[in-house]
Q: 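Just passing along the structure, written as structure tokens.
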Amino acid sequence: MRITIIAAGKIKEKFYRDAMAEYAKRLGKYCRLEVIEVEDEKTPDKAGEALENQIKEKEALRMLKYVREDAHVVTLEIQGRKIDSVAFAEKLEKLATYGTSHIQFIIGGSLGLHEKVSQRADDRISFSDMTFPHQLARILLAEQIYRGYRIIYGEPYHK
């Protein structure tokens with residue numbers, strides 16, 4: 001299985017980079033993980049709705065360049081459906097069982113995702129009603145993918 005995380009912005013903090021590297025290493029046993037970082041737009045303070053929409057659209061166009069037609073696309077967005085770790089693992093397993101060889105996860109920038117990205121998604125998931133920094137969302141996603149594979153293979157993992 002090939003898994004790609006497409007995300008707006010670079011991870012600047014060393015502790016986030018270290019965590020991402022650790023999960024990428026762990027996931028090497030189960031899948032081929034690729035992370036694509038697209039440039040994020042700076043958002044001025046007190047930006048209006050129209051400007052925010054323009055910013056999200058610019059980021060969307062950069063992300064959509066990397067979306068493959070043959071991939072199963074999952075967006076992380078607050079309006080997405082909430083699932084637990086077991087259901088997430090079952091989804092990964094089901095996709096692999098029925099011939100999906102590539103899953104692409106998309107994480108927006110600080111303003112979220114533009115509707116063009118949401119419309120391309122095959123699934124939309126949410127980790128919580130809370131808002132998390134988009135850098136942390138990558139770590140949470142990598143951890144859940146790792147946890148999902150541990151569940152699929154019946155391997156122990158803390159609860």
Side-chain angles (χ1 to χ4, degrees), residues 1-40 56 59-60 62-114 116-159:
M1 174 70 69
R2 181 172 168 206
I3 295 181
T4 303
I5 298 172
I6 302 170
K10 293 192 179 298
I11 294 181
K12 296 173 183 83
E13 295 84 356
K14 183 180 180 333
F15 59 93
Y16 284 144
R17 287 193 314 267
D18 289 347
M20 219 30 227
E22 178 63 25
Y23 282 112
K25 183 176 86 175
R26 292 181 186 190
L27 281 165
K29 174 180 175 182
Y30 306 103
C31 67
R32 197 169 87 220
L33 179 69
E34 174 186 27
V35 177
I36 297 171
E37 297 175 326
V38 301
E39 183 183 353
D40 58 341
K56 289 192 297 188
E59 291 174 347
R62 289 179 191 134
M63 289 186 275
L64 289 169
K65 277 189 348 188
Y66 293 98
V67 173
R68 297 191 34 136
E69 283 300 315
D70 61 340
H72 185 87
V73 177
V74 181
T75 54
L76 274 65
E77 45 188 301
I78 205 159
Q79 303 85 3
R81 130 182 108 90
K82 291 174 195 64
I83 58 174
D84 63 23
S85 297
V86 172
F88 185 77
E90 289 170 351
K91 182 69 175 182
L92 288 175
E93 186 173 37
K94 180 179 176 185
L95 286 169
T97 301
Y98 291 101
T100 299
S101 61
H102 192 183
I103 302 172
Q104 292 186 304
F105 291 93
I106 303 179
I107 302 171
S110 60
L111 298 174
L113 291 170
H114 189 271
K116 288 180 180 181
V117 178
S118 295
Q119 289 169 353
R120 171 56 184 93
D122 298 303
D123 283 307
R124 293 167 199 80
I125 60 172
S126 172
F127 288 145
S128 172
D129 288 332
M130 294 180 177
T131 302
F132 297 106
H134 56 281
Q135 298 94 334
L136 181 57
R138 276 190 238 184
I139 307 305
L140 293 171
L141 175 60
E143 189 280 336
Q144 284 300 299
I145 295 168
Y146 176 68
R147 182 181 297 268
Y149 278 110
R150 300 290 291 194
I151 290 168
I152 290 167
Y153 289 101
E155 298 170 348
Y157 195 77
H158 63 279
K159 294 182 181 186

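Just so you know, these numbers come straight off a predicted model, no measurement behind them. Along the sequence shown, the residues carry numbers beginning at 1.
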Q: Do you know which two heavy atoms are closest between L92 and G148, and how far apart they sit?
A: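 Heavy-atom minimum between the residues: CD1-CA, 4.3 Å.
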Q: NE2/H72 to OG1/T100 distance, rounded to the nearest 0.5 angstrom?
A: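 Output value for this atom pair is 6.5 Å.
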Q: Under the 3.5 angstrom rule, does the side chain of Q104 hit a backbone N or O of Y66 as a donor-acceptor pair?
A: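 Yes; judged by distance alone, with no hydrogens or angles, the pair exists.
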Q: Is any NZ, NE, NH1 or NH2 atom of the basic residue among K25 and E22 found under 4.0 Å from an Asp or Glu carboxylate oxygen of the other?
A: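 Yes, this pair counts.
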Q: Using the rule salt bridge (charged side-chain N to carboxylate O under 4.0 Å, His left out), only one of R138, K12, R62 pairs with E37; which is it?
A: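 Among the candidates, only R138 passes.
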Q: Among side-chain atoms of D70 and H102, is any donor-acceptor pair under 3.5 angstrom?
A: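 No pair is found: no donor N or O on one side chain lies under 3.5 Å from an acceptor on the other.
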Q: Look at atom OH of Y98 and say whether more than 12 heavy atoms of other residues, nucleotides or ligands are closer to it than 6.0 Å.
A: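 For Y98, atom OH is not crowded (no more than 12 foreign heavy atoms under 6.0 Å).
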Q: Please indicate whether R32 has more than 12 foreign heavy atoms, meaning atoms of other residues, nucleotides or ligands, lying under 6.0 Å from its CZ.
A: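 Count not over threshold, so no.
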Q: Identify the heavy atoms of A60 and V117 that sit nearest to each other, and give their distance.
A: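 Heavy atoms only, the tightest pair is CB-CG2, 3.4 Å.
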Q: Determine whether L140 and Y23 make a side-chain contact, defined as any pair of heavy atoms from C-beta on separated by less than 4.5 Å.
A: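 Counting from C-beta outward, L140 and Y23 never come under 4.5 Å.
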Q: On a heavy-atom basis, which atom in S118 and which in L113 lie closest, and how many Å separate them?
A: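 Looking at all heavy atoms of both residues, the closest pair is OG-CB, 4.3 Å.
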Q: Report the distance from atom CD1 of I78 to atom OG1 of T131, rounding to the nearest 0.5 Å.
A: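 So the gap between those two atoms works out to 4.0 Å.
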Q: Working to the nearest 0.5 angstrom, can you tell me the gap between I11 CD1 and L136 CG?
A: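 Here the rounded value is 9.5 Å.
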Q: What do you reckon, is NZ of K82 surrounded by more than 12 foreign heavy atoms closer than 6.0 Å?
A: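 For K82, atom NZ is crowded (more than 12 foreign heavy atoms under 6.0 Å).
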Q: For the residue pair I6 and I107, establish whether any side-chain heavy-atom pair is separated by less than 4.5 Å.
A: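 No, every pair of side-chain atoms sits at 4.5 Å or beyond.
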Q: Please determine if E143 and R147 form a salt bridge, counting it only when a charged side-chain N lies under 4.0 Å from a carboxylate O.
A: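 Salt bridge: yes.
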Q: Judged by atom type as modelled, is there a donor-acceptor pair below 3.5 Å linking the side chain of S126 to the main-chain atoms of S128?
A: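 Judged by distance alone, yes, a pair lies under 3.5 Å.
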Q: What distance separates T4 OG1 from F105 CZ, expressed to the nearest 0.5 Å?
A: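 Reported value, rounded in 0.5 Å steps: 10.0 Å.
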Q: Would you call the rings of Y30 and Y149 parallel, tilted or perpendicular, where under 30° means parallel and over 60° means perpendicular?
A: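 Rings of Y30 and Y149: parallel, under 30°.
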Q: In plain terms, say whether R124 and D122 are close enough for a salt bridge, that is, a side-chain N and a carboxylate O under 4.0 Å apart.
A: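 Result for this pair is no, no salt bridge flagged.
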Q: Would you check if I106 and V67 make a side-chain contact, meaning some heavy-atom pair closer than 4.5 Å?
A: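 Contact flag for I106/V67 side chains = yes.
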Q: For the residue pair G109 and H134, what are the closest heavy atoms and their distance?
A: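 That would be C-ND1, 3.8 Å.
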Q: Measure the CD1-SG distance between I103 and C31 for me, rounded to the nearest 0.5 Å.
A: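 Going from the CD1 atom of I103 to the SG atom of C31 covers 8.5 Å.
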Q: Please name the pair of heavy atoms, one in S85 and one in I151, separated by the smallest distance, quoted to 0.1 Å.
A: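 Scanning both residues, the minimum pair turns out to be O-CD1, 3.9 Å.
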Q: How close do L111 and K56 get, counting heavy atoms only, and between which atoms?
A: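 In terms of heavy atoms, the two residues are closest at O-CD, 3.5 Å.
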Q: Taking the six-membered ring of Y157, is NZ or CZ of R150 closer than 6.0 Å to its centre and within 45° of its axis?
A: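 Judged by the rule, R150 and Y157 form no cation-pi pair.
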Q: Rounded at 0.5 Å granularity, tell me how far CE in M20 sits from CG in L141.
A: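 Output value for this atom pair is 7.0 Å.
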Q: Going by heavy atoms in the side chains, are M63 and R120 under 4.5 Å from each other?
A: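 Side chain of M63 against side chain of R120, heavy atoms only: no contact under 4.5 Å found.
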